[in-house]
Amino acid sequence: MRGFYIGRYQPFHDGHQHMVEEIAEEVDELVLGIGSAGDSHTTRNPFTAGERVMMVTKAVEELDATTYVVPIEDLDRNSVWVSHVQSMTPRFDVAYSNNPLVVRLFEEAGVEVRQSPMFRRDVLEGTELRERMIRGRDWEDLVPDAVVDVIREVDGVDRIRRIAETDSNGDEPSDQ
């Protein structure tokens, strides 16, 4: 059986890793969708799709399941989003998500959806990790070692700090 799990992975953290490990116990193969693949260089989405592919691929290489990491660009039409995802990925039998909209869209499209409890959601949340990077607080112990290596390789902490110096949309600073 092949499962599908999508996330923005900005960055891929231990909560994602925990979920992937749980899913890998239920499936033979796992498709990991890199959501919002076209977005990068903002405080919400600092890493490129390619960087996130590296993070996820390296973090899950020890799993006892075949994995496929596939970038998925946003489509601002929820009614056709599932078919868009299906056109970009290998066929899958079951989707995994805790996002209420994603769950609803897959269910409406007739795809089985499974949910699992969030793991340490109080700190294992992308916004918290990015904020820690910006503020110079500890973040490395909240992501797999392979992800730390990728973020260092791409100078990701410096990038997000520089981006954070601009306005909240990641645009150029205003004249004010």
Side-chain angles (χ1 to χ4, degrees), residues 4-24 30-63 67-76 78 81 85 88 96-103 105 115-176:
F4 175 75
Y5 175 49
I6 192 167
R8 285 190 3 264
Y9 308 128
Q10 289 279 14
F12 187 85
H13 55 65
D14 288 344
H16 297 127
Q17 182 75 27
H18 181 79
M19 182 92 167
V20 166
E21 289 170 358
E22 283 191 5
I23 295 168
L30 179 56
V31 180
L32 295 159
I34 305 286
S36 301
D39 295 342
S40 69
H41 292 79
T42 66
T43 52
R44 178 169 162 75
N45 295 293
F47 303 105
T48 67
E51 291 163 351
R52 291 179 281 154
V53 166
M54 286 174 49
M55 288 177 199
V56 175
T57 301
K58 291 178 181 224
V60 303
E61 67 185 358
E62 301 296 321
L63 287 180
T67 56
Y68 309 95
V69 182
V70 181
I72 311 280
E73 292 207 22
D74 284 339
L75 183 68
D76 293 326
N78 289 340
W81 182 77
V85 167
M88 302 296 294
Y96 292 82
S97 182
N98 288 314
N99 179 300
L101 175 61
V102 170
V103 170
L105 294 175
Q115 296 179 264
S116 68
M118 298 284 203
F119 178 71
R120 294 183 57 206
R121 186 67 173 174
D122 55 324
V123 292
L124 293 177
E125 201 270 327
T127 303
E128 172 70 20
L129 286 164
R130 294 187 302 273
E131 192 64 29
R132 284 174 178 232
M133 290 177 188
I134 291 166
R135 305 249 180 263
R137 294 178 39 225
D138 182 43
W139 59 272
E140 293 96 337
D141 61 336
L142 302 175
V143 301
D145 291 342
V147 173
V148 172
D149 294 342
V150 172
I151 291 172
R152 287 186 178 145
E153 177 184 335
V154 303
D155 203 15
V157 173
D158 183 63
R159 178 191 303 163
I160 195 169
R161 285 181 180 159
R162 287 177 181 260
I163 292 166
E165 293 172 0
T166 64
D167 73 16
S168 63
N169 292 325
D171 297 333
E172 293 300 315
S174 65
D175 293 331
Q176 299 176 7

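Hydrogens, waters and symmetry mates play no part in the numbers below; they use all other heavy atoms, side chains included.
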Exercise. Evaluate side chain to side chain contact (heavy atoms under 4.5 Å, CB included) for Arg44 paired with Arg8, printing each intermediate quantity in order.
Key: CA-CA 10 Å; Arg44 178 169 162 75; Arg8 285 190 3 264; 3.3 Å; yes
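Ile134 and Ala164 make their closest contact through CD1-CB, 3.7 Å (heavy atoms, listed as atom of the first residue, atom of the second, distance). Closest approach of Phe12 to Ala59, counting heavy atoms only: CE2-CB, 3.6 Å. Of all the heavy atoms in Phe4 and Leu30, the pair that sits closest is N-CD1, 4.0 Å. Nearest heavy-atom pair across Pro11 and Val143 is CG-CG1, 4.3 Å. Shown here for Asn78 and Leu105, the closest heavy-atom pair between the two residues is O-CD2, 3.5 Å. The minimum heavy-atom distance linking Tyr96 with Tyr5 is given by the pair O-CD1, 3.4 Å.
Classified by interplanar angle (parallel below 30°, tilted 30° to 60°, perpendicular above 60°), the ring pair His13/His16 is parallel.
Taking CD1 of Ile163 as the start and OG1 of Thr43 as the end, the distance is 7.5 Å to the nearest 0.5 Å. Rounding to the nearest 0.5 Å gives a distance of 7.5 Å between CD1 of Ile23 and CG of Leu32. Of the inter-residue distances, the one linking Thr42 atom OG1 with Phe47 atom CZ reads 10.5 Å to the nearest 0.5 angstrom.
Annotation: side-chain hydrogen bond (donor to acceptor under 3.5 Å, both in side chains) contacts of Arg135 (sequence neighbours excluded): Glu131. Every residue meeting the side-chain hydrogen bond (donor to acceptor under 3.5 Å, both in side chains) condition with Ser36, not counting sequence neighbours, appears here in chain and number order: Asp74. Evaluation of the side-chain hydrogen bond (donor to acceptor under 3.5 Å, both in side chains) rule for Glu21 yields Gln17 as partners, not counting sequence neighbours. Considering only residues two or more places apart in sequence or on other chains, Trp81 meets the ring pair (Phe, Tyr, Trp, His ring centres under 6.0 Å) condition with Phe106.
Asn98 is listed as a side-chain neighbour of Met19, based on a closest heavy-atom distance under 4.5 Å. Considering only heavy atoms from C-beta on, Met133 stays 4.5 Å or farther from Pro46 through its side chain.
A salt bridge is absent between Arg132 and Glu140; no separation between the charged side-chain nitrogens and carboxylate oxygens falls under 4.0 Å. Contact check on Glu165 versus Arg161 returns no salt bridge, with no Lys/Arg side-chain nitrogen under 4.0 Å from an Asp/Glu carboxylate oxygen.
Judged as a salt bridge (Lys or Arg N to Asp or Glu O under 4.0 Å), the pairs with a partner in residues 50-60 (not counting sequence neighbours) are, in order, Glu51-Arg159.
Under the side-chain contact (heavy atoms from CB on, under 4.5 Å) rule, Val70 has a single partner from Val85, Val53, Val31, which is Val31.
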Check: residues 147-158 side-chain donor-acceptor pairs under 3.5 Å, at least two apart:
unit_1: Asp158; atom_1: OD2; unit_2: Arg162; atom_2: NE; d: 2.9

